[in-house]
Amino acid sequence: MNWLIDFFGNAANWSGSDGIPTRILEHLEFSAAAFLIAAVIAAPLGLLIGHTGRGAFIVVVSANAARALPTLGLLVLVVLLIGVGTVLPVLIPLVVLAVPPILVNTYEGVRGVDADLRDAAYGMGLRGRQVLFKVLTPSALPLILLGLRLSAIQVVSTASVAAFVGLGGLGRFIIDGLATKTYSDVIGGAVLIALLALAVQLGFTLLNRVVVSPGVRQVR
Amino acid sequence: MITFEGVTKRYPDGTVAVDDLSLQAPTGAITVFVGPSGCGKTTSLRMINRMIDATSGRILLDDQDVRAIDPPTLRRGIGYVIQQAGLFPHRKIVDNVATVPYLLGWDKRKARARAMELLELVGLDSRLAGRYPFQLSGGQQQRVGVARALAADPPVLLMDEPFSAVDPIVRASLQEELLHLQSELHKTIVFVTHDIDEAIKLGDTVAVLRVGGHLAQMAGPATLLSEPADDFVREFLGKDRGIRRLSFVPAKGVRLGSAPADLVVDDDTRPLGWRSNGGLLPYGIFDPERDSLRAALDAALLSPNGTAIAVDGDGHVIGVATRDALDEVLRRHATGPDEQARESDGEVPVTDPRRAES
Ligand SMILES: Nc1ncnc2c1ncn2[C@@H]1O[C@H](COP(=O)(O)OP(=O)(O)OP(=O)(O)O)[C@@H](O)[C@H]1O
Ligand SMILES: [Mg+2]
């Protein structure tokens with residue numbers, strides 16, 4: 001408890017380019033960038049593969065890779081390949097981390113839509129694209145959002161690796177704290193990251209309320 | 001009119017689901033495809049709206065080959081009802097019903113107004129319009145499925161076992177309602193079921209299919225009952241064909257006698273029972289204008305003295321049918337002794353015996 005008071009009670013921690021607000025913003029920037037890039041790649045891909053049934057191996061490979069690839073290892077690899085100085089060493093591993101949950105859940109969501117429902121949609125005279133966007137996507141939305149949420153939380157929790165390559169973010173408190181044995185900073189940084197993850201969770205819960213039809217929310 | 005001309009469907013795995021099927025489903029009538037599981041009913045039905053494309057042969061919709069029409073366009077002009085209703089879970093009932101009008105680009109207000117109209121037509125409370133499908137019972141969902149199929153007023157309706165997932169009581173009322181709707185709308189309906197009783201109840205024409213998609217017999221229900229083409233059809237029709245066939249003979253022809261003295265009626269000439277020593281005995285009634293001979297016979301069997309009471313539409317006694325009177329009509333409609341000999345002539349009578357005889 002003392003450590004937390006030391007960290008959050010210290011006025012110097014709240015201002016300047018290494019203060020809490022700046023670090024939070026940096027952290028959110030990396031996270032948001034990685035998450036958005038991943039979402040733009042993975043969600044349409046998941047919809048497409050789920051709808052056409054073609055390319056399902058991509059989903060399997062991606063799901064397995066997610067389990068096998070160590071984010072930190074990937075970070076080191078990217079640094080070795082392209083060096084430090086840009087945000088790429090952070091972005092690439094984070095995107096790689098963020099893609100599988102979105103891809104897998106979007107795919108599963110679309111695949112999992114009741115065959116009778118899909119059939120009825122075609123039977124009513126919807127075209128392929130209309131079936132995807134007017135029927136499959138709204139029905140799969142709870143799972144799609146689940147994938148996005150898991151992905152966002154992982155990214156936010158993992159974005160601290162930026163500190164390893166000299167970039168900012170909440171990871172700085174942890175890395176620097178460890179280096180200088182200032183454990184209040186380590187703990188404080190970890191708590192902030194946990195709070196951000198909670199905020200993301202909360203955000204998605206609210207989003208779920210707004211965008212998912214009550215007719216679908218109940219069923220799942 | 002829907003015409004199958006030598007239609008064959010061979011699935012990629014080699015299964016021949018439908019083999020050289022030729023038949024006609026007349027305009028404005030209900031044609032039922034009935035047969036055991038796997039005989040190709042669904043496949044045949046779905047070739048009409050091109051959910052499945054035939055391997056060879058042609059299907060004509062009023063002389064136009066369905067293959068010449070782009071499938072989504074074709075389907076928007078054909079109502080389609082499936083067993084599990086297949087309602088869109090994320091849409092309110094009213095918007096589910098308005099699906100095809102929306103697709104056809106109707107103005108939203110007009111489409112919804114039409115949807116409300118249809119909900120009423122299929123006997124659903126307008127308060128259900130704002131609900132989601134999961135908030136409806138299975139029977140209600142089926143009604144919505146029917147309403148949705150009718151929304152853009154298509155001339156043709158395809159129904160694939162639409163009532164088989166609901167309990168028998170709900171099924172019976174849905175069947176009644178379909179007949180009632182049809183008496184007003186006169187759609188060209190192709191109805192698939194594996195339930196021969198449903199086929200006989202609903203069909204103007206019944207096509208009995210055997211496994212492999214072969215047409216075993218196509219006839220009106222009464223003809224089917226009295227003259228099954230072969231052993232397969234006879235077996236499929238099941239027991240009590242003679243009695244069931246009487247459902248298609250109107251009771252109108254029964255000779256009515258005047259009510260005997262021991263029939264007790266109230267001030268308004270509605271029957272109360274048969275007088276006996278201790279009190280009143282049970283009775284059975286039928287309406288000669290509306291009921292079948294089967295109902296008349298049933299009424300006779302319900303009375304201890306074997307006399308059926310004839311009533312008018314308001315329940316007033318108009319006479320009685322004695323067992324002798326019923327017997328005369330029964331004799332006239334009994335199936336000839338040569339039934340066995342008239343097997344499998346393959347002829348396809350398309351006239352509706354119910355209408356022909358009434
Ligand atoms: N996509 C398919 N691929 C291969 N065979 C199929 C396919 N769909 C149906 N069949 C086969 O074609 C035959 C006819 O199937 P169909 O679904 O038309 O039967 P059905 O009469 O509707 O049966 P049920 O009463 O059980 O619904 C069956 O032997 C079935 O196994
Ligand atoms: Mg079937």
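Residue numbers begin at 1 in each chain, while the letters A, B, ... track the order of the sequences. The figures that follow rest on heavy atoms only: side chains count, while hydrogens, waters and symmetry mates do not.
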- Item | Heavy-atom contact with chain A under 4.5 Å, split by part of B:Y80 | both
- If you count the non-hydrogen atoms of other residues, nucleotides and ligands that lie under 6.0 Å from NZ in A:K134, is the total more than 12? no
- Output, in order, the C-alpha distance, side-chain angles, deciding distance and verdict of side-chain contact (heavy atoms from CB on, under 4.5 Å) for B:Q84 and A:D119. CA-CA 11 Å; B:Q84 298 298 345; A:D119 201 66; over 6 Å; no
- Task: Taking all heavy atoms of A:P214 and all of B:Y132, pick out the closest pair and write down the distance.
- Result: CD-OH, 3.3 Å
- Between A:G125 and B:P72 the two heavy atoms that sit nearest each other are O-CB, 3.5 Å
- Kindly determine whether A:M124 and B:R75 satisfy side-chain contact (heavy atoms from CB on, under 4.5 Å), including the steps that lead there. CA-CA 6 Å; A:M124 293 298 108; B:R75 291 172 196 150; over 6 Å; no
- Apply the test side-chain contact (heavy atoms from CB on, under 4.5 Å) to residues B:T73 and A:R127: give CA-CA distance (whole Å), side-chain angles for both, the deciding distance (0.1 Å), then the verdict. CA-CA 9 Å; B:T73 310; A:R127 296 179 189 278; 3.6 Å; yes
- Heavy-atom contact with chain A under 4.5 Å, split by part of B:L74: neither
- Heavy-atom pairs under 4.5 Å with chain A, option from B:R50, B:Q135, B:R46, B:K92 with the top count: B:R46
- Checking heavy atoms, do the side chain of A:A115, its backbone, both or neither come under 4.5 Å from chain B? neither
- CG/B:D63: more than 12 non-hydrogen atoms of other groups inside 6.0 Å: no
- Message: Quick check on B:I169: does its CD1 atom have over 12 non-hydrogen neighbours (other residues, nucleotides or ligands) under 6.0 Å away?
- Response: no
- Query: So which heavy atom on A:A120 is nearest to which on B:I82, and how close?
  - Reply: CB-CD1, 4.0 Å
- Item | For the student: nearest non-hydrogen atoms of B:H90 and A:S213, plus distance | O-OG, 2.9 Å
- Message: Tell me whether the count of non-hydrogen atoms from other residues, nucleotides or ligands lying under 6.0 Å of CZ in A:F204 goes above 12.
- Response: yes
- Least distance between heavy atoms, B:P89 atom then A:L117 atom: CD-CD2, 3.5 Å
- A:D116, part contacting chain B, at a heavy-atom distance under 4.5 Å: both
